[in-house]
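Everything quoted here is computed from the prediction, not taken from an experiment. Convention: sequence-line order gives letters A, B, ...; per-chain numbering from 1.
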Number of protein chains: 2
Amino acid sequence: MKSRAFPDIVRFVIVPSLFLVCLFLGKPAQSQGGENMEKKFLKPVSLKDVEISDRFWAPRQETLRKVTIPHLFKMLEKAGNINNFRLARDKAHEGYSGPYWMDSDLYKAIEAAAYVLAKHPDPDLEKQLDDIISLISSAQLPDGYLNTYFEVVEPDKRWTNLMACHEMYCAGHLFEAAVAYYEATGKRNLLDVAVRFADHIDSIFGEGKRLGYCGHPEIELALVKLWKATGEKRYFDLARFFILKRGSKYFAQEHNIPLDQYDGRNVQDDVPIKEQKEIVGHAVRAGYLMAGAVDVGRETNDDELLQAVLRIWRNATQKRMFITGGIGSSSANEGFTTDYDLPNLTAYQETCASCAMVFWAHRLALLYGDSQFVDVMERALYNGALAGISLSGDHFFYVNPLESKGGYKREEWFGCACCPPNIARLIASLGNYIYAQSDDGIWVNLYVQGKANIELGGKKVGLEVVGDYPWDGHMIFFLHPSESFEFSLYLRVPGWCRGAEVRVNGKKEENPRIEKGYIVLRRAWKEGDKVEIDLPMPVEKMVAHPEVKDDLGKIALQRGPLVYCFEEQDQNAPLNYIYLSLDSDFKPKWEKDLLGGIVALDGEGMACEGVEWKEQLYQAVNPRMKKVKVRAIPYYAWDNREPGAMKVWMPLYPSAIWQK
Amino acid sequence: MKSRAFPDIVRFVIVPSLFLVCLFLGKPAQSQGGENMEKKFLKPVSLKDVEISDRFWAPRQETLRKVTIPHLFKMLEKAGNINNFRLARDKAHEGYSGPYWMDSDLYKAIEAAAYVLAKHPDPDLEKQLDDIISLISSAQLPDGYLNTYFEVVEPDKRWTNLMACHEMYCAGHLFEAAVAYYEATGKRNLLDVAVRFADHIDSIFGEGKRLGYCGHPEIELALVKLWKATGEKRYFDLARFFILKRGSKYFAQEHNIPLDQYDGRNVQDDVPIKEQKEIVGHAVRAGYLMAGAVDVGRETNDDELLQAVLRIWRNATQKRMFITGGIGSSSANEGFTTDYDLPNLTAYQETCASCAMVFWAHRLALLYGDSQFVDVMERALYNGALAGISLSGDHFFYVNPLESKGGYKREEWFGCACCPPNIARLIASLGNYIYAQSDDGIWVNLYVQGKANIELGGKKVGLEVVGDYPWDGHMIFFLHPSESFEFSLYLRVPGWCRGAEVRVNGKKEENPRIEKGYIVLRRAWKEGDKVEIDLPMPVEKMVAHPEVKDDLGKIALQRGPLVYCFEEQDQNAPLNYIYLSLDSDFKPKWEKDLLGGIVALDGEGMACEGVEWKEQLYQAVNPRMKKVKVRAIPYYAWDNREPGAMKVWMPLYPSAIWQK
């Protein structure tokens, strides 16, 4: 009947309290980034003081140096990014190539090359960069303005469309490149260009000047770097202005959009950051903005700002992040949608967005000295970001799905080529992310065989690190202090690890002090002291929160920091018909000739022929199945052979019987 | 980047053709109700010629006679349905009780009582009915109009709100009751009332007269019954008028709604039936309308109409029907939503809607002689509909969820009491649904121990049926033709059955002819011939089509025609923590003292303590679990003990680990 009330429906959805026996699995909860986290203000250890000599990252950096960097500049010439500067230098007004932000791709490549130069002096490369820098400088206008799009195409429209035109975004990448090149070579050629442009921007925008900020955040964190490199406080003040003014709905004003019709979320201009509750909009923009906000909050001790950043962080990492550490669920906005909307086949997870997660997480890790932030940084680095580049170093993913039906593969370049130089600069600068220091000690965030030289209270400490991470969890540290003295060694216990053990000079520490996810070893360290940490790396079967509908009934494999995937070519049945069981036993196996050397995970799955659905709505099932050997490989390594089907999240038997 | 195109996303969702080895499970596909189905024009066999003596239905009919019928009239007096007629008789204009359609509940109760009387002459009950009929008659106006709401409350508003006020709906139930009482007793007292009212309606509505039809279909099928009982062809023509005119958007006109703002779907007034593609709107209305449309299509051989009905049928049964045969997904409209939206906890599945499915399916089964329609009829009858009434006969469900968290229970009556007399009239008239006949033979649609006497081409055939259906699939038929003659015996092979076997006089038929789901045994039958059919009844694990999101990762148990459910009180762990496996072995066990005697299904499940979710988005799992004995009972029998949690669809291990 139509007009009756529905008292029944009300009654039967009332959930009587059930006695729920819940079991807690896993290691004790870490602090969850609550509102009143103690700050540690760690300082980074520069890549200049770090050597990498492992068999995971060192070969990648070598490929980067030999293949990727030349490839980047070749493609930047071919695509017109470099030529745009020639056009600007020559005051041409025709011939511009590509989107608004072409300059930034060149700047990021220079930044990547600068990190390479910092560790590997190379006169040829330096000469090539100097020539390009000279070209860039020649395109800068007398007032300091520098943007080839506006100089060539729309000279009268400078700063009129901050929302879409990426002027400050390009400036930011110029500043980052300039600082990197200055720190690598000591040369001010690009830094001077940056300073002139920064001064120009600072003459227009800021407190008491024009309101405005960039549609694509980036300049904020870059201005902080420029301030630190030059000591010019105005740059920091401008960064702070951009951070704190954001959310003023400036873009509505710029584009004459009535406020009641304005949704600024995609460019993070809906509310001031301090009022923001969720991570919203375009994922790369969101990540860069948050990184800049941590910088500003840290320097000004702005707890209101930092608490907002932590609130947004929790939303991002607890509800909107892929298991690979990447972000961005939808291609529609290259960004966020709703909580727990984490599709696999259509995961956007832009390579740049995984880089942004590394930048953001690293800043929080340094500020709070809490390993939960490194957990996310490590996850994004080893998985979401690293998948962005081929093992050969010259092919790239822009979009990183967690599942492919086959046919999706890396490209050598893109019409919008933001990702290739971004992953390049991240890998080249890896040395910056491994260690940190505080007044009282040395912090080990990532485990990478190599060396470090750290100055601690005027004394020097050499660290020698041996181990095969991420393939093995046994790492050895030899300490070489310039003299024996007391300090703390903070060894991170990764969030994925249960049962970590530590030994000092062969003797097991029975109850080591653990603070915020770090084992803290404090003593007077002397030359040759040996510290070993054992991080057991069983193959873990991961499940996603039940609200993540796309992962329901599925598991993903993880071992150590590496998330695994299944490529069809490694299987003995069509990938779509393979499922796993919670009882499936997976064994790690080192395969030196496979995909540059990997630990593959070999185990047993079931292959099910599926249930055919014709017109029935219900049918009885009795699926036929057989056991099959299955193999998983690290997610970062997928699509380095013939393109084929791939899955990170594997259906558990018997969910496979629902295949159509 | 914001403004790039997304060619990549296009490429990677292109699904390369995969070699899919699909396995067909189950019996060969039946005809799916295609466009050009052959019509068989079967005739029903009246309940007057049928005896029911089994241990499933016979006790239910006895309870109905002894408990339900008296309960109905007691409640109809208490709720004011009967008194409304006194008010109308007395020309009162105050004191009316209940919604517009109060009259219909009384008519349905009379109809139910008439079916009881047809088999069990009972002078006291007949006297009670005659008194009520006398009262009804006294409330009829001189022009034949009869509706206590309008007579008492809004005498000037007759036929002004066909959409909402149910005048014709009430008239339809009057006609059905009148025909049933006339056929049961030979008395015309109520039939005369019906004829006067039908003539009155026919004087107003119809071709060349007023356009209009009822917001709640029902009168259409009732007018067809009235035509058959009286021979008055005008009644059929009026039914046809209502069927064919429906979709003219009359209600928009009646309520002065601009056509571009009118959505007539809930009352099936959006498009003419012949153009309708899906089953839409209020479920009971849709089912009654379709039943009437089959009647009209059959009598006029209107293939365009019948093809539309079959198209709507396929949509209903292949995409919008619960496994219990019921319909209506949402309480919001008591009706349909979208394809495959079949929620369990909030399933509406009104008892009346399951009755409507029986009425509709029965008419299609008679028209086409195809067992697929009986499959749905049987499913709705034994499950969705039968659950509507308690074993005690005096409590009722209006809403029939497929899952309860506990606390939901049957009521003795409702403010809108359409369901109690509806399930009563269905059970009382069960004899009408068991057999059918064609010129060439006898059709067995339902298997019910008892007898039938069927006249075939002037000769008589007595059928004696022995068996314990639905608990057992072995049925024996003894034939008693008045003389030996040739005819066909059509034995339905239920859609749930694989491996049916048939024996004639002890000899197995090796390759019996099968037509449209019936085994056809044609020969010259003689006195005492014995036919046995064996319908194996293993416990089947049913899955729903993968688009039914609410059933994904779940199975339901079915044995024979009965869908089973799990009540918490039969389990050894909280229901919410129990899951099944595809390997779980269930054994049927006859429990004579449980729930009036049932075959329970005993098996083994797993009880899992679940995974606790705090703030994590991903975690490693290693759920603890233990085997537990579990028991399922027929769905119709649930909530006949203390109210508790219930589930039809049980999660399969390991999906249970996603519990929150």
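There is no contact between A:D339 and chain B, counting heavy-atom distances below 4.5 Å. Looking at A:S581, there are no atoms closer than 4.5 Å to chain B (heavy atoms on both sides), in backbone or side chain. Proximity to chain B (any heavy atom under 4.5 Å) is restricted, for A:Y340, to the side chain, taken from C-beta onward. Interface residue B:K319: only backbone heavy atoms are found under 4.5 Å from chain A.
Under the side chain to side chain donor-acceptor pair (under 3.5 Å) test applied with B:E540, the options B:R559, B:R498, B:Q558 reduce to a single match, B:R498.
Taking the side chain to side chain contact (heavy atoms under 4.5 Å, CB included) definition, one finds that A:K626 meets it with A:A607, A:V628, sequence neighbours left out.
Between B:Y398 and B:Y348, the two ring planes are perpendicular [angle over 60°; tilted spans 30° to 60°]. Using cut-offs of 30° and 60° for the angle between ring planes, the B:H282 and B:H216 rings count as perpendicular.
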